[in-house]
Amino acid sequence: MAEVPNPVLSYRAPAGDWERESLPIGGGALGASVHGTLASELLTLNEKTLWTGGPGSAGGYDFGNWTAPRPGVLTGVQERLDNEGGLGPEAVAAELGQPRRGYGAYQVLGELHLDVPGAPAAPDASYRRGLDLRTALASVAYTHEGVAHTREFFVSHPGSVIAGRLAADRPGQVTFTLRYTSPRNDFTASADGDRITVRGALQDNGLRFEAQIRVRATGGNVTAGADGSLTVTGADNAWFLLAAGTDYADTYPAYRGEDPHATVTAAVDAAAATSYESVRDTHVNDHRTLFDRVALDIGQQLPDVPTDQLLSGYTGGTAPADRALEALFFQYGRYLLIASSRAGSLPANLQGVWNNSTTPPWSADYHSNINLQMNYWLAEATNLAETTAPYDRYVEAMREPGRRTAREMFGTEGWVVHNETNPYGFTGVHDWATSFWFPEAAGWLTQQMYEHYRFSGSTDYLRTTAYPAMKEAAEFWLANLRTDPRDGLLVVTPSYSPEHGDFTAGAAMSQQIVHDLLTNTLEAAGTLGDSAAFRSRLETALDHLDPGLRIGSWGQLQEWKTDRDDQADDHRHVSHLFGLHPGRQIEAGSNWAEAAKVSLGARGDGGTGWSKAWKINFWARLRDGSHAHKMLSEQLKSSTLPNLWDTHPPFQIDGNFGATSGVAEMLLQSQHDVVEILPALPAAWPAGSVRGLRARGGFTVDIEWAGGQARRAVITASRTRELTVRSTLFASGEKVIRAQAGESYTLTPEG
Ligand code: FUC
């Protein structure tokens, strides 16, 4: 395929507003948002584990577990549901919920200011601010009084540092003061030599944090201020490094580990002992190892206009500029995941790693009735499997507290988590009536882990990581499914279709999630040779399980077990289509898929950012590429900020990730173990190519198409196995290949 130009975001003015305009850089644990302001550059700083709440929290902490036992309460609700058919969410929350205590919130680490004396007050035509997605470098450039100034910023995952450099095209022109501020007054900052040390502890829970900044200058000099700042004067160029950490550990029940001082010092000193170029090269190589695996060409031509104009001019029509925005948005999702989810820290939260507040929306937490899962939908398909390591670790860390919640709330074995979780093992409930109860979350969370296995084929991973979490989630449901007196089938009860309607027994999503979990667990148990007794328990449960698939009076897929869907309802959650996506219970072309289409059509093309993103995936799975593209264009037109962050509103990153996943689903699918080439190509993308997508079974797939038809596909196998490919390339529509590990298979039109 032709080389695609680097995907870049570019602007002609500094960011005025963090949420809408700042540019995110990140290395997983550390993140920063670059404003490009002239007289005082502003980097909003983040460290992913800086969380209030949890053990030691001022108001107490209970993990969301009931503070006192409530014998018989759950059974009471179940019986009322049997008798009354449904219960309002407030009534159930009064029985099963409880106010949150010590839940906490993700905290901004602070702000780094680079005050540049004599910088122009306002940008002129020379000003440029950009983010190159391929190198993961943010940059600012401007010319002032004949001197060209440049700034560059990045976060190195291998170096565990935020780094930046200020330079000019004439010697001695770089002068600035670096200082740290924070909206909290829980820290001290002191400067000594070329180092600023920030030490603090969150007032709420005593979590200790530290940041160190070191500055190196070529020419000129560096002086430490009594106010904790560092000033560089008359340098040719200067670079800085910032490392940060906390004493958080993901271990129940204390969630505390080492003081961060030693690791922070080591990171900043190791980087300072090399050179800016070396730190930068290591970063760029690390980023490109992941980012460069996938290239997308849908005929984009990036015009020489700033990204905010590209966005405001976007119509979803035929212009190459529209293709440029779509391709950029696709790659941006991959960029954001690389920047916010790397091994060694927490997974991407509702805002990835970026946050400018002490009270971010929804605590910038881990919601698990769609949001956390959506964050990872793109990971396998767009060849970023490594980014799932923190997700796996997070799930693993929830098992122990989740086991206690299962025991105390349900009286059973297994592990459970409801809809909102924090890094302190909050696996219990709160009292927001329409979202507090969702024990299906644990099973759903393990789906990604099974997918990781399905994409990679690694039975080692399945045995050591995915299966233990899946099995224990399955055990929870084996112990908690109840026989529905209406038809004798096994149902989840109480069951609540996220965040919608009444509590009932056996809502579609509950049943489909449990179906997915038990199916995956049974498959995995077979692969790993788990005991016949356990497999037969799973088989029996699946035989008696209500599958959560019913077609109602207007041809819709029912959201609830009784036919009560309102045709005029446009609720953002489309939970009853779980089996279509991200599940695999519903196959395109089936009656269920037709009913899903009716439901989705009725829900309409609106919704919050993530809701639109989910709909891209749904329509792609329904093989309707043009409707999938329509949803992508709706998201770009009305749920995307000038910095291309998805907006719920407010900014919520799941929509970015969900949209990238949706584009991948349009080009390649494999959920039924058949590699399907261009399953939902939209009319808007008649010609193009994609390189490096992944399909389940251990395959990497490159596709070229023209005139709306595949022209060539190259499938590279990382495992030896038989593979079925579905494509219009073949006269019969399908071809079976006996793939050998390490071999590539080039497929061209037959006949
Ligand atoms: C779910 C959604 C909301 C929001 C919140 C963070 O509860 O229903 O729309 O995205 O998560």
Side-chain angles (χ1 to χ4, degrees), residues 1-13 23 128-135 291-336 378 382 605 612-613 616 619-620 624-646 655-656 659-668 677-693 702-713:
M1 63 189 278
E3 259 315 296
V4 185
N6 270 15
V8 288
L9 276 63
S10 75
Y11 302 84
R12 307 251 165 102
L23 293 176
R128 291 288 180 281
R129 179 169 66 95
L131 178 64
D132 185 327
L133 304 187
R134 192 170 184 213
T135 54
F291 188 83
D292 283 356
R293 288 175 186 165
V294 172
L296 175 67
D297 178 359
I298 47 173
Q300 66 264 36
Q301 287 166 26
L302 199 55
D304 186 22
V305 298
T307 305
D308 42 354
Q309 254 182 54
L310 192 64
L311 179 66
S312 59
Y314 176 84
T315 65
T318 53
D322 281 2
R323 299 296 79 74
L325 184 66
E326 291 161 358
L328 188 61
F329 198 58
F330 167 78
Q331 288 290 26
Y332 196 41
R334 299 184 65 246
Y335 167 87
L336 291 169
L378 70 164
T382 74
D605 297 340
K612 291 187 181 112
I616 305 172
W619 286 113
D624 188 337
S626 291
H627 210 136
H629 180 262
K630 166 98 187 338
M631 289 315 311
L632 174 64
S633 69
E634 289 303 316
Q635 191 175 347
L636 286 167
K637 282 190 273 190
S638 57
S639 301
T640 304
L641 298 169
N643 58 4
L644 303 190
W645 269 346
D646 172 76
N656 285 106
T660 296
S661 159
V663 169
E665 291 280 338
M666 288 157 78
L667 302 173
L668 183 72
I677 308 285
L678 302 180
L681 188 69
W685 301 346
S689 64
V690 66
R691 173 173 57 72
L693 294 181
D702 307 339
I703 309 166
E704 288 170 27
W705 67 93
Q709 297 292 325
R711 290 296 153 93
R712 186 180 134 101

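Quick caveat, the model's predicted, so the values are computed rather than measured. Numbering of residues begins at 1 and proceeds along the displayed sequence.
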Q.
For the CD1 atom of Ile703 and the CG atom of Leu296, what is their distance to the nearest 0.5 Å?
A. 10.5 Å
Q | Heavy-atom side-chain proximity of Trp705 to Ile298 below 4.5 angstrom | A | yes
Q.
Between Leu667 and Leu693, is the side-chain contact (heavy atoms from CB on, under 4.5 Å) condition met? List the steps.
A. CA-CA 9 Å; Leu667 302 173; Leu693 294 181; 4.0 Å; yes
Q. Would a 4.5 Å heavy-atom cut-off, applied to side chains only, mark Thr307 and Tyr11 as touching?
A. yes
Q) Has Arg712 got more than 12 heavy atoms of other residues, nucleotides or ligands less than 6.0 Å from its CZ? A) no
Q: Flag the pair Asp304 and Arg12 as a salt bridge only when some basic side-chain nitrogen lies within less than 4.0 angstrom of an acidic carboxylate oxygen.
A: yes
Q. Quick one: does Asp322's side chain have a donor or acceptor within less than 3.5 Å of a partner on Gly317's backbone?
A. yes
**Q.** Reported CG-to-CZ distance for the pair Asp292 and Arg691, which is rounded to 0.5 angstrom
**A.** 7.0 Å
Q. Taking atom CZ of Arg711 and atom CG of Leu678, what is their separation to the nearest 0.5 Å?
A. 11.0 Å
Q. Side chain of Asp605, backbone of Glu634: donor and acceptor closer than 3.5 Å?
A. no
Q) Hey, does Met666 have a side-chain heavy atom less than 4.5 Å from the side chain of Pro682? A) yes
Q. What distance separates Leu23 CG from Asn643 CG, expressed to the nearest 0.5 Å?
A. 6.5 Å
Q) Considering only heavy atoms from C-beta outward, does the side chain of Glu326 approach that of Val663 to under 4.5 Å? A) no
**Q.** Pairwise side-chain contact, Thr660 with Leu336, heavy-atom cut-off 4.5 Å (strictly under)
**A.** no
Q | Over all atoms of both residues, closest heavy-atom pair of Gln635 and Gly655 | A | NE2-O, 2.9 Å
Q) What pair of heavy atoms forms the shortest contact from Pro686 to Ala683, and how long is it? A) CD-O, 3.4 Å
**Q.** Residues which pass side chain to side chain contact (heavy atoms under 4.5 Å, CB included) with Asp132, listed by chain and number, not counting sequence neighbours
**A.** Asn6, Val8, Arg134, Thr135
Q) Do the rings of His627 and Trp619 sit parallel, tilted or perpendicular, given the 30° and 60° boundaries? A) parallel
(Q) Within the 4.5 Å heavy-atom criterion, are Ile616 and Glu665 side-chain neighbours or not? (A) no
Q.
Are the side chains of Gln301 and Arg323 in contact, using a 4.5 Å heavy-atom criterion?
A. no
Q.
Is it the case that the side chains of Ser638 and Lys612 hold a donor-acceptor pair, with the cut-off being a distance below 3.5 Å and no angle test?
A. yes
Q: Please report the closest heavy-atom contact between Ala620 and Ala628, naming both atoms and the distance.
A: N-CB, 3.9 Å
Q | Set of residues satisfying side chain to side chain contact (heavy atoms under 4.5 Å, CB included) with respect to Leu133, sequence neighbours excluded | A | Pro7, Leu9, Leu131, Phe291, Leu328, Gln331, Tyr332, Tyr335
Q: Before giving the answer on side chain to side chain donor-acceptor pair (under 3.5 Å), spell out for Ser639 and Asp646 the whole-Å C-alpha distance, their side-chain angles and the decisive distance to 0.1 Å.
A: CA-CA 6 Å; Ser639 301; Asp646 172 76; 5.2 Å; no
Q: Would you mind reporting whether Leu325 and Thr640 have side-chain heavy atoms less than 4.5 Å apart?
A: no
Q: For residues Ala613 and Ala659, report the shortest heavy-atom separation together with the two atoms involved.
A: CB-N, 3.6 Å
Q.
Could you measure the distance from the CD atom of Gln709 to the CG atom of Leu681? Nearest 0.5 Å is fine.
A. 8.5 Å
Q. For the atom pair OG (Ser633) and CZ (Phe329), what is the distance rounded to the nearest 0.5 Å?
A. 11.5 Å
